[in-house]
Amino acid sequence: MDNADIAFYFDPLCPFAWMTSKWVRQVVAQRDYTVDWRFISLRMINANVDYDSHFPPDYEAGHTAGLRLLRVAARARAQHGRDVVGPLYEAIGARAFDSDVSQTLGAAERGHRGFVEPLLDQVGLPADLADALDDTNWDTELRAETDEALALTGKDVGTPIIHFGPPHGTAFFGPVISRLPSDKDAVRLWDHVVALAGFPGFAELKRSLRERPQLRSFGVGTDEAGIQEDWHGGSRRLKK
C-alpha cells in the first residue's frame, strides 16, 4: 500500500501480534490512519533454533502453521491486491484466538485447509487460495519480507513489528499488550507510543513479565487479567 501511515508486520498465529493488531484497529477506527498489513514469519526467524530445547511443546507446530497461513495470505495479496490482507488476517485471528473453538484447536490444525477455507469464503476470497498452504514457492517472498522487518528493528525481536511513517520513520517490536484498552485509552496509548517513536535515539522499554492475553484461546475473558508469567525468547518457559 503506497503511502500507508503504518506498516504492521504480523505472524497470523502470534497471540500478542493479534492483541496489538486489535488495538491498532481500534485506533484506526478513531483516527485517519491507513495500515499496510505485512508479513513476518516466526518459523523463519527461528529457522536455526532447536525448538525442543528453547520452546514449550507445540511451538514448532504453531510457527509452522503460521508460515503455511502466510503463504495463503501472500498468494491472496498477489492475486487480489493488498487490501485483502487486513480482512483475511482479522478473520484468521478471530477464529484462532477469540472463537468458541479456539481452546480446542490444535497448533498444527490451524495450518490446515479445514481451518482456512471457511475464512477465505468469509472474506470473499476463493477457496483455492488454500492450495498455497504447501506451496514453498511463496517462501522466498515471505523470507524477504521477514528480513525487511528485522532490518528495521534488529534481529533480537519477535512479532508484531510496527513501522511508523514508512519508509523513513522508526520501527519497533510491539508494543506487547495483554489487555485490550477502551477506545479512549487505545488512542491515549497510541499517542504515547508515537511520541516515543518520534524521539531520536530511543531504542527499548521492556519487561519480561507478561499477563496471559485476554483471548479465549488462553482461557482469559475480556473482563479478566491473565496470570502473570516470565517470558523470554518468545516463550513462557522460565529461564534456567
Okay, side chain of Arg31, backbone of Tyr33: is any donor-acceptor separation there less than 3.5 Å? no
Quickly, which of Asp135, Asp139, Asp134, Asp11 forms a salt bridge (charged side-chain N to carboxylate O under 4.0 Å, His left out) with Arg68? Name it, please. Asp134
Is the shortest side-chain N to carboxylate O distance from Arg210 to Glu229 below 4.0 Å? no
Under 3.5 Å, is there a donor-acceptor pair linking the side chains of Tyr59 and His54? no
Any ring pair (Phe, Tyr, Trp, His ring centres under 6.0 Å) pairs touching residues 68-95, not counting sequence neighbours? Phe10-Tyr89, Trp18-Tyr89, Trp37-Tyr89
Asp36 vs Phe8 side-chain heavy atoms within contact, under 4.5 Å: no
Does this structure show an ion pair linking Glu141 with Arg77, if we count only N-O contacts that are shorter than 4.0 Å? yes
Shortest non-hydrogen pair, Pro175 vs Ile162, comes out as CD-CD1, 4.1 Å
Are the side chain of Glu145 and the backbone N or O of Phe39 linked by a donor-acceptor pair below 3.5 Å? yes
Looking at Phe55 versus His63, is the centre-to-centre ring distance below 6.0 Å? yes
Using distance only, find each side-chain donor-acceptor pair of residues 112-126 under 3.5 Å and give its atom names and separation, not counting sequence neighbours.
{"residue": "Arg113", "atom": "NE", "partner": "Glu117", "partner atom": "OE2", "Å": "3.0"}
{"residue": "Arg113", "atom": "NH1", "partner": "Asp131", "partner atom": "OD1", "Å": "2.9"}
{"residue": "Arg113", "atom": "NH2", "partner": "Glu117", "partner atom": "OE2", "Å": "2.9"}
{"residue": "Arg113", "atom": "NH2", "partner": "Asp131", "partner atom": "OD1", "Å": "3.1"}

Any ion pair linking Arg43 and Glu60 (charged N to carboxylate O, less than 4.0 Å)? yes
Minimum-distance pair of heavy atoms, taken over all atoms of Ala107 and Gly62: CB-N, 3.7 Å
Could you pull out the closest heavy-atom pair between Ala96 and Leu105, with the gap in Å? CA-CD1, 4.4 Å
Check ring-ring contact (aromatic ring centres under 6.0 Å, His included) between Trp138 and all other residues, then give those that pass, not counting sequence neighbours. none
Mind listing the closest non-hydrogen atom pair of Ile177 and Met19 along with its distance? O-CB, 3.6 Å
Surrounding CG of Asp156 (heavy atoms of other residues, nucleotides or ligands, distance under 6.0 Å), is the total greater than 12? no
Cation-aromatic face contact Arg110/Phe97, 6.0 Å, 45 degrees: yes
Under 3.5 Å donor-acceptor, Asp5 side chain and Thr34 backbone: yes
To the nearest 0.5 Å, what is the distance between CG on Leu42 and CG on Leu13? 9.0 Å
Please assess Arg188 against Asp191 for the test salt bridge (charged side-chain N to carboxylate O under 4.0 Å, His left out), listing each intermediate value before the final yes or no. CA-CA 5 Å; Arg188 188 163 65 92; Asp191 289 339; over 6 Å; no
Checking Thr222, Asp98, Asp100 against Arg216 for side chain to side chain donor-acceptor pair (under 3.5 Å), the one that qualifies is Asp100
